[in-house]
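A short write-up of the structure that comes next.
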Amino acid sequence: GAVVSQHPSRVICKSGTSVKIECRSLDFQATTMFWYRQFPKQSLMLMATSNEGSKATYEQGVEKDKFLINHASLTLSTLTVTSAHPEDSSFYICSANKFRDGPYEQYFGPGTRLTVT
Amino acid sequence: DAKTTQPTSMDCAEGRAANLPCNHSTISGNEYVYWYRQIHSQGPQYIIHGLKNNETNEMASLIITEDRKSSTLILPHATLRDTAVYYCIVRDLSTDSWGKLQFGAGTQVVVTP
């Protein structure tokens, strides 16, 4: 398989501050990465699609000015939650496409637990 | 609108086969069936995928009906570590979708001793 890492694994921040989460593909290049959010006892919700070198595409209802996504290289995408509030507390998960003999495989990171106090 | 329908939960005895059904009656010809699972507080893990033929790998088997309107994921010998939420996802791999995955509610599988 392929390895996707996230950093940090958990973070606690105060309301009004910004938090950056990194997503890295460790052993493959990923032209496309995705960001998901998951609230307790709910399924994953796709937030945005990130393509290397271009602007991210956000799903309907996701505020692009609040959730800043940068995909500066083929192995790194970052999600910055700006002016975080308690309702932004969630489990944030990234994934990356890896092309392999046809249909893209998509590999997920371990997730980042964000708690806003 | 959800593209797949799965039972909310299933129990399975350790050592037995677990058969997880999924309905995807509106699947189109170029959409694949993917299965992922998520163990509590972890990122999802890829299990298997298929288009129209049955598939098998070291983790599971995927049986797709001939009309492709439903499929079954088979875990041949369930272990306690297979306790997880299992997601059946219909995936469009056309260029403009980038192969993004839309997760439904999934099936909570509990394997008991």
Side-chain angles (χ1 to χ4, degrees), chain A residues 1-7 9-10 21 23-25 30-52 54 56-60 62 71 77 90-114, chain B residues 1-9 22 27-53 55 57-60 62 64 84-109:
Chain A
V3 180
V4 175
S5 70
Q6 285 185 238
H7 177 79
S9 58
R10 56 178 65 234
I21 301 170
C23 175
R24 293 182 185 273
S25 56
T31 54
T32 304
M33 289 183 169
F34 304 87
W35 286 96
Y36 296 81
R37 181 169 53 181
Q38 186 175 33
F39 293 109
K41 298 190 185 299
Q42 294 187 22
S43 187
L44 285 79
M45 184 186 74
L46 179 65
M47 298 175 67
T49 301
S50 167
N51 287 296
E52 186 263 337
S54 62
T57 300
Y58 291 81
E59 295 297 302
Q60 193 172 6
V62 178
H71 192 160
S77 176
S90 188
F91 192 48
Y92 291 87
I93 307 169
C94 72
S95 68
N97 272 355
K98 177 183 178 183
F99 185 79
R100 178 177 142 183
D101 299 328
Y104 289 87
E105 303 289 347
Q106 193 172 128
Y107 295 90
F108 285 80
T112 296
R113 178 79 57 191
L114 170 63
Chain B
D1 292 338
K3 286 193 167 186
T4 64
T5 304
Q6 299 178 252
T8 304
S9 63
C22 179
I27 192 170
S28 65
N30 58 352
E31 289 180 317
Y32 288 75
V33 178
Y34 274 73
W35 284 83
Y36 282 79
R37 72 180 183 184
Q38 186 181 25
I39 296 170
H40 184 62
S41 294
Q42 296 183 23
Q45 177 189 21
Y46 165 82
I47 300 173
I48 200 167
H49 74 273
L51 182 61
K52 51 185 176 181
N53 296 325
E55 303 287 345
N57 63 19
E58 63 277 5
M59 288 184 69
L62 174 61
I64 303 174
V85 178
Y86 286 76
Y87 297 99
C88 169
I89 303 170
V90 168
R91 190 177 184 203
D92 179 4
L93 291 174
S94 58
T95 303
D96 59 351
S97 74
W98 300 292
K100 61 185 177 183
L101 295 166
Q102 300 281 10
F103 286 78
T107 296
Q108 172 68 64
V109 173

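Per chain, numbering begins at 1; letters A, B, ... match sequence-line order. All values below were derived from every heavy atom in this structure, side-chain atoms included, with hydrogens, water molecules and symmetry-related copies excluded.
Inter-residue side-chain proximity for A/Arg113 and B/Ser41 is flagged as met; some heavy-atom pair is nearer than 4.5 Å. Between A/Ser95 and B/Leu101, every side-chain heavy-atom pair lies at or beyond the 4.5 Å cut-off.
Across every non-hydrogen atom of B/Tyr87 and A/Gln38, the tightest pair is OH-NE2, 3.9 Å. Among all heavy-atom pairs drawn from B/Gln42 and A/Phe91, the shortest one is O-CE2, 3.8 Å. Between B/Gly43 and A/Ile93 the shortest heavy-atom distance is CA-CG2, 4.4 Å.
Neither the backbone nor the side chain of B/Gln108 comes within contact range of chain A, judged by heavy atoms closer than 4.5 Å. For a residue to count as touching a neighbouring chain, one of its non-hydrogen atoms must lie under 4.5 Å from one of that chain's; by this rule A/Ser9 does not touch chain B. Interface remark: A/Leu44 contributes backbone and side-chain atoms alike to the contact with chain B (heavy atom separation under 4.5 Å).
Applying the salt bridge (Lys or Arg N to Asp or Glu O under 4.0 Å) rule to A/Glu59 yields the partners B/Lys100; only residues at least two apart in sequence or on another chain are considered. Remark: A/Phe108 engages A/Tyr36, B/Tyr36, B/Phe103 in a ring-ring contact (aromatic ring centres under 6.0 Å, His included) (not counting sequence neighbours).
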